[in-house]
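Values below: every heavy atom of this structure, side chains too, minus hydrogens, waters and symmetry copies.
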Amino acid sequence: MKGLAICFIIILLGTVSQSFVPVLSPASRSKSSPLHSTVVRRPETTERVEQVRERCAAATRDAQAARGCAENTGDEWWRDRTAVDVAGGRKITKDDPLRVIITGGGVAGLVAASACHAAGMKVAIFEQASQYAPYGGPIQIQSNALRAIQRINQKCYEELVKAGTITADRVSGLKIGYKKAVFGGLGPGYEKGDWLVRFDTLQPALEAGLTPTVVVDRPVIQQILLNHGVPEGTVRIKSRIKKYDELGPGQGVKVTLEDGSEAFADVLVGADGIWSSVRKQLHGLDKGADGAAASGAAGGALNEAEARRMAKESVLMAGGANRRFSGFTCYAALCEHKASNIEDVSYQILLGKDKYFVSTDGGGERQQWFALIREPAGGVDEESTPDNPTPKLTRLLNEFNKDKPGDANGDVWDDFAHELLIATPEENIKRRDLYDGAPLITQGWAKGQVAICGDAAHPMMPNLGQGGCQATEDGYRLSEELKTVTDTKDIEGALNTYFKKRIPRTTAIQIAAQLGSDLLVDFDKMMTIPLVGPFFLFMTQLSMPFILRFLYTPEF
């Protein structure tokens, strides 16, 4: 079974068990409560709600204005070829540090740049977009990623914790989205909204001596890293890389931009997302393996027209880039709404047939939700018309219908999905197909003086919430290995060590996330089989502490 496969992967990596929360039986109808009585949620005050929302709005305005970023002027340090192209390599000193160019100004690129800057390196980020797009809501900075950021930059860590909302103080888990009978009537069945699996994200963090997970708005994360992690102007906007050429062992890399400009550095790092241009050349992929959707800063479409274009382009790029369509399209939004279960639940998934609905506390009395639906890639929604001005919302209300006759399968859904959907304006709802990829065990993440990180190296499904967290770990580990370089001839070895240290962990997490995603849409079928179902639920519950203890480690 897929659930057991996940558990087996984690056990193989040497993790140990811990106590777990008993599974609720179908007959259990009691309300959930926090798993730790000593951790009491403090309801958000009016002042805190306003503070969180205004902080996000201000950061979004900064991002759209490209505050902290710069356009190329012609006198940048990276235009000097003679500084890196030295026959036989050169010694690295405090006065003549490593020079690093990073492509992609998203979270992965900013963290990598912050880590390299903190280690005394000279850093520039090349971002193809002209601004940070208002796409993507709050993201979880889980305990392992917080530890990485703390090691990189204490100020960034403090600011992120201050800006974040703790989500580990309440119940998280899986629920059944609609009433479901047990096969053959051999059992009481499940009512819509029944807990199937509950898990605790607090205790594993505390046992590892880590800060509990917080959720922070993506623009705020970017703002903090720009303000406290890197020097002003580190991010160079409108700078799309066309190709790169290695100048020789220890002699650096020449980067050619789309506008014809040339840049020179000791190291090139591709943090430019799942459709990475750097990875395309590193692995010799097809010509169409990268595209505009590769932008780290954009993080998605700027508007509906661009979203439609990107949906089609991603289908074409996937084959050449050796990426896998997950089978899901994802609708996502952040709504300003105080959830009815906010005092008890921080994260939950409502499971259904070929779809599921995910919600999480976004802080500031807001809820972030995701509706994942199994369907072919490249689909787009109808355009707004006078008869149907809200096509996305209309579809989702039908997919998660709380009233009879229910959805197309005749299933009447738990009220909570409807509660969040009707609180969300149509214009806030974004749609994208979800892609991931196989671990790059044989292809590698580095060659010569070039390496990749983040989604360029290990794109994964969002089920474990570890995509950005693993990118953060990458940035830390990359800088740690580059710190050991005393001569530019040592760069290749340092980058290979970075890959070898990171690949076992990211491989396990990629596979677990993919299996978990595939598992969720078949969960309702498996759990209703007499004897097999209860055992399956028990083993899924049992595996969660293994997974969390593996994720929440202070060493990476």
Side-chain angles (χ1 to χ4, degrees), residues 63-85 99-106 108-110 112-113 116 122-133 135 222 226 230-247 251-282 284-303 305-306 309-310 313 316-317 320-321 448-456:
Q64 292 172 327
R67 184 176 177 182
C69 306
E71 295 188 39
N72 298 328
T73 60
D75 59 351
E76 294 82 7
W77 61 261
W78 40 261
R79 295 183 185 274
D80 183 6
R81 177 170 183 158
T82 62
V84 299
D85 190 6
R99 297 175 171 227
V100 181
I101 287 177
I102 297 170
T103 67
L110 286 168
C116 290
K122 190 170 287 189
V123 185
I125 297 175
F126 287 178
E127 169 52 50
Q128 68 179 7
S130 60
Q131 67 180 64
Y132 284 86
Y135 188 95
Q222 294 167 336
L226 282 171
V230 295
E232 179 82 12
T234 295
V235 178
R236 321 300 297 191
I237 58 175
K238 301 179 183 179
S239 300
R240 177 172 171 77
I241 286 183
K242 183 178 181 180
K243 67 172 184 174
Y244 68 82
D245 297 283
E246 293 207 60
L247 301 176
Q251 294 177 232
V253 182
K254 180 179 78 172
V255 176
T256 304
L257 303 181
E258 286 284 359
D259 65 2
S261 301
E262 294 180 345
F264 302 91
D266 297 307
V267 182
L268 172 63
V269 179
D272 47 346
I274 187 170
W275 313 117
S276 168
S277 296
V278 173
R279 176 178 173 258
K280 183 187 78 169
Q281 185 171 341
L282 187 73
L285 301 175
D286 292 348
K287 182 179 179 180
D290 65 339
S295 173
L302 284 168
N303 52 50
E306 188 177 17
R309 175 183 59 77
M310 286 172 57
E313 286 187 356
L316 299 175
M317 288 189 289
Q449 297 151 111
V450 181
I452 54 177
C453 69
D455 282 350

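In this structure, D286 contributes its side chain and G288 its backbone to no donor-acceptor pair below 3.5 Å. With E76 contributing its side chain and W78 its backbone, the two residues share no donor-acceptor pair below 3.5 Å. E246 places a side-chain N or O within donor-acceptor distance of the main-chain N or O of Q449, the cut-off being under 3.5 Å. A distance-only check finds a donor-acceptor pair linking the side chain of R236 to the backbone of E71 [under 3.5 Å].
Considering only residues two or more places apart in sequence or on other chains, E262 meets the side chain to side chain contact (heavy atoms under 4.5 Å, CB included) condition with K254, T256, F264. Partners of T234 according to the side chain to side chain donor-acceptor pair (under 3.5 Å) rule, which considers only residues two or more places apart in sequence or in another chain, do not exist here.
Within the model, atoms CG of D80 and CG of D75 stand 12.0 Å from one another, a figure rounded to the nearest 0.5 Å. Taking CD of Q64 as the reference point, atom CD of Q131 lies at 6.0 Å (rounded to 0.5 Å). A distance of 11.0 Å separates CD in Q251 from CG in D266, rounded to the nearest 0.5 Å. Interatomic distance, NZ of K243 versus NZ of K280, reported as 11.5 Å (0.5 Å rounding). Between E127 atom CD and I241 atom CD1 the span is 10.5 Å, to the nearest 0.5 Å. The distance from atom CH2 of W275 to atom CG of L285, rounded to the nearest 0.5 Å, is 11.0 Å.
Between V123 and V230, the closest side-chain pair of non-hydrogen atoms is not below 4.5 Å. For the pair Q281 and V450, the minimum side-chain heavy-atom distance is 4.5 Å or more.
The two atoms that bring I102 and A271 nearest to each other are CG2-CB, 4.0 Å, heavy atoms only. The heavy-atom pair separating A66 from S130 by the smallest distance is CB-O, 4.0 Å. Minimum interatomic distance between G233 and A70 (heavy atoms only, all atoms of both residues): CA-CB, 4.0 Å. In terms of heavy-atom proximity, D290 sits nearest to S277 at OD2-OG, 2.6 Å. What you find for R79 and T73 is that their closest heavy atoms are NH2-N, 4.5 Å. When all heavy atoms of V269 and C453 are compared, the closest pair comes out as CG1-SG, 4.0 Å.
Ion pairing of R240 with D272 is absent here, as no side-chain N (NZ or NE/NH1/NH2) approaches a carboxylate O to less than 4.0 Å.
For the pairing with S239, the side chain to side chain contact (heavy atoms under 4.5 Å, CB included) check across T103, I101, L257 returns one residue only, L257.
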